[in-house]
Amino acid sequence: MPTADLRWFTTPDGTRLALRWHGSRSGDSADASTLQAGLSADASTLQAGLREPLTIVLAHGWIVDSRIWEPVAGMLSLGRRGLPVLRYDLRGHGQSDPARPGTATIVQLADDLAGLLRAEVEGPVVLGGHSMGGMAIMALAQRHPELVAQRVVGAVFVSTSCGDLMPLDLGLRPGLARLVSRTEPHLMRWMSASQRLRDRELTSRRVGLVRPGVRWLQFGEHPRRADVELAASCVAQGRPANLVNFRSTFDDHDQAVALAAFRHMPTLVVSGTRDRLTPIRHSEKIAAVLPNATLVRYAGAGHMVMLERAEQMADRISELVATVQASRRSSAG
């Protein structure tokens, strides 16, 4: 799979975000005929008659980074699909700068996304968000409704929630779930008070130390070893401060009302039936309030469904884009 084009975006507070473009970047200095000539036949049909190319923008979840979207992004941008895709590291994650004090919040992630869309992406967009990335897209609609109304033409919510996340039960039996619920706040307070832990640059220097926990917590049945290794690498190479600083923002996350901004556009809501972190009921709740939503349940998949079912996910997103493009062609007459 070709290496994605790495670029940078600086937010108003000076935080640099790492961007990775796949395919023809929207706004690149090439005329429409040149771009069209570089597309496959299927992609040319999708883009035909449209003044501005559509871009897919993908946001990842808590304590990982945009590498978890790489397989899907590559499939969407190559071959018969040939679509421009942008994936990026949220502040504090991956190669982006650390989150400054007080900015490790879903609200701030929404503002970062708004700035990114305005500065780096031209034309209409389909937004895709996994877990905390999906929550940031919901918060974007609440904080920047005009931007969503003017630019967003489709949305993909993957293994995410519009609220009522806590307490976590991790799919455990009731007794164990209650124990986890009681223990987790004490663990977070200890981690928050541990300056030594918070100052560490990496969660771990050995992927093997986190691999078993990542496998159990984030994956479903029979995952590929390479996928577990990728997710474990993201976690091991992450910043310990993110475990604490972003955790508290989930308690206040309640964006059920904000979902109304997506009611009149095609949406895709995806979940694995073995997701321990955001059980499938959260996806069902999102889909229930979106009349144009397609709810997809992947049997046996876990929280990292975009890795576990990458090709199927790329197909589903391609179908959503085709629906969007058909609607735009019809509206254009």
Side-chain angles (χ1 to χ4, degrees), residues 9 11-13 15-20 55-69 72-73 85-94 96-100 102-121 125-149 151-152 154-165 234 238-239 242-243 245-262 265 267-271 277-278 282-283 285-286 290 303-304 306:
F9 167 68
T11 67
D13 71 350
T15 301
R16 287 198 322 163
L17 304 183
L19 319 179
R20 291 172 180 82
T55 301
I56 302 170
V57 180
L58 302 174
H60 64 83
W62 182 40
I63 70 172
V64 290
D65 59 56
S66 67
R67 282 177 288 174
I68 58 112
W69 275 115
V72 170
V85 181
L86 170 62
R87 59 184 173 93
Y88 70 102
D89 292 339
L90 304 177
R91 68 168 56 212
H93 296 73
S96 292
D97 287 346
R100 300 180 180 215
T103 69
T105 66
I106 294 172
V107 165
Q108 181 63 60
L109 298 182
D111 290 346
D112 289 347
L113 177 55
L116 177 63
L117 293 177
R118 291 181 174 121
E120 298 291 330
V121 185
V125 297
V126 168
L127 297 178
H130 170 248
S131 195
M132 188 170 70
M135 299 175 203
I137 292 172
M138 297 174 202
L140 176 75
Q142 187 269 326
R143 292 181 62 79
H144 304 274
E146 76 295 336
L147 179 63
V148 171
R151 300 281 306 283
V152 180
V156 182
F157 297 106
V158 183
S159 303
T160 191
S161 173
C162 61
D164 296 324
L165 272 166
C234 292
R239 298 179 178 91
N242 288 336
L243 285 168
N245 295 342
F246 279 96
R247 162 61 186 83
S248 61
T249 196
F250 299 138
D251 293 332
D252 301 324
H253 177 66
D254 183 359
Q255 294 294 346
V257 173
L259 285 172
F262 304 98
M265 66 180 73
T267 52
L268 178 64
V269 184
V270 180
S271 181
L277 291 172
T278 51
H282 293 279
S283 291
K285 181 177 179 180
I286 294 169
L290 296 176
H303 194 61
M304 287 293 168
M306 83 290 297

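When reading the values below, keep in mind they use all heavy atoms of this one structure, side chains included, and skip hydrogens, waters and symmetry mates. Count residues from 1 along the sequence.
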Centroid-to-centroid, F157 to F262, below 6.0 Å?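 Here the rings of F262 and F157 have centres that are less than 6.0 Å from each other.
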
With heavy-atom distances below 4.5 Å as the criterion, would you say the side chains of [X] and [Y] are in contact?
X: M132; Y: H93; answer: yes
X: V156; Y: T267; answer: no
X: H130; Y: M304; answer: yes
X: L113; Y: V57; answer: yes
X: L147; Y: L117; answer: yes

salt_bridge([X], [Y]) N-O dist < 4.0 Å:
X: D164; Y: K285; value: yes
X: R143; Y: D111; value: yes
X: R20; Y: E120; value: no
X: D13; Y: R91; value: yes

Find the distance between [atom1] ([X]) and [atom2] ([Y]) and round it off to the nearest 0.5 Å.
X: H144; Y: R151; atom1: NE2; atom2: CZ; answer: 13.0 Å
X: Q142; Y: L140; atom1: CD; atom2: CG; answer: 10.0 Å
X: M135; Y: T105; atom1: CE; atom2: OG1; answer: 13.0 Å

Exam field: side chain W69 to backbone A59, donor-acceptor pair closer than 3.5 Å: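 It does hold such a pair.
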
Using atom types as modelled and distance alone, determine if a side-chain donor or acceptor of T55 lies under 3.5 Å from a backbone N or O of V85.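 No: the side chain of T55 does not pair with the backbone of V85.
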
Passing candidate, side-chain contact (heavy atoms from CB on, under 4.5 Å) with T11, options D112, D97, T103: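 Single side-chain contact (heavy atoms from CB on, under 4.5 Å) partner of T11 among D112, D97, T103: D112.
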
Among D89, L86, L19, L17, find the one that has a side-chain contact (heavy atoms from CB on, under 4.5 Å) with S66.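 Of D89, L86, L19, L17, side-chain contact (heavy atoms from CB on, under 4.5 Å) with S66 is met by D89 alone.
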
Any idea which heavy atoms bring A261 and V148 closest together, and the distance?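 In this case the closest contact between A261 and V148 is CB-CG1, 4.2 Å.
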
Give the minimum heavy-atom separation between V72 and M306, together with the two atoms involved.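 Closest approach of V72 to M306: CG2-O, 3.5 Å.
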
Could you go through R16 and S96, starting from their C-alpha distance and side-chain angles, then the distance that decides it, and tell me whether this counts as side-chain contact (heavy atoms from CB on, under 4.5 Å)? CA-CA 6 Å; R16 287 198 322 163; S96 292; over 6 Å; no

Under 3.5 Å, is there a donor on one side chain and an acceptor on the other for S271 and H282?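 There is no such pair (donor and acceptor under 3.5 Å, judged by atom type) between the side chains of S271 and H282.
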
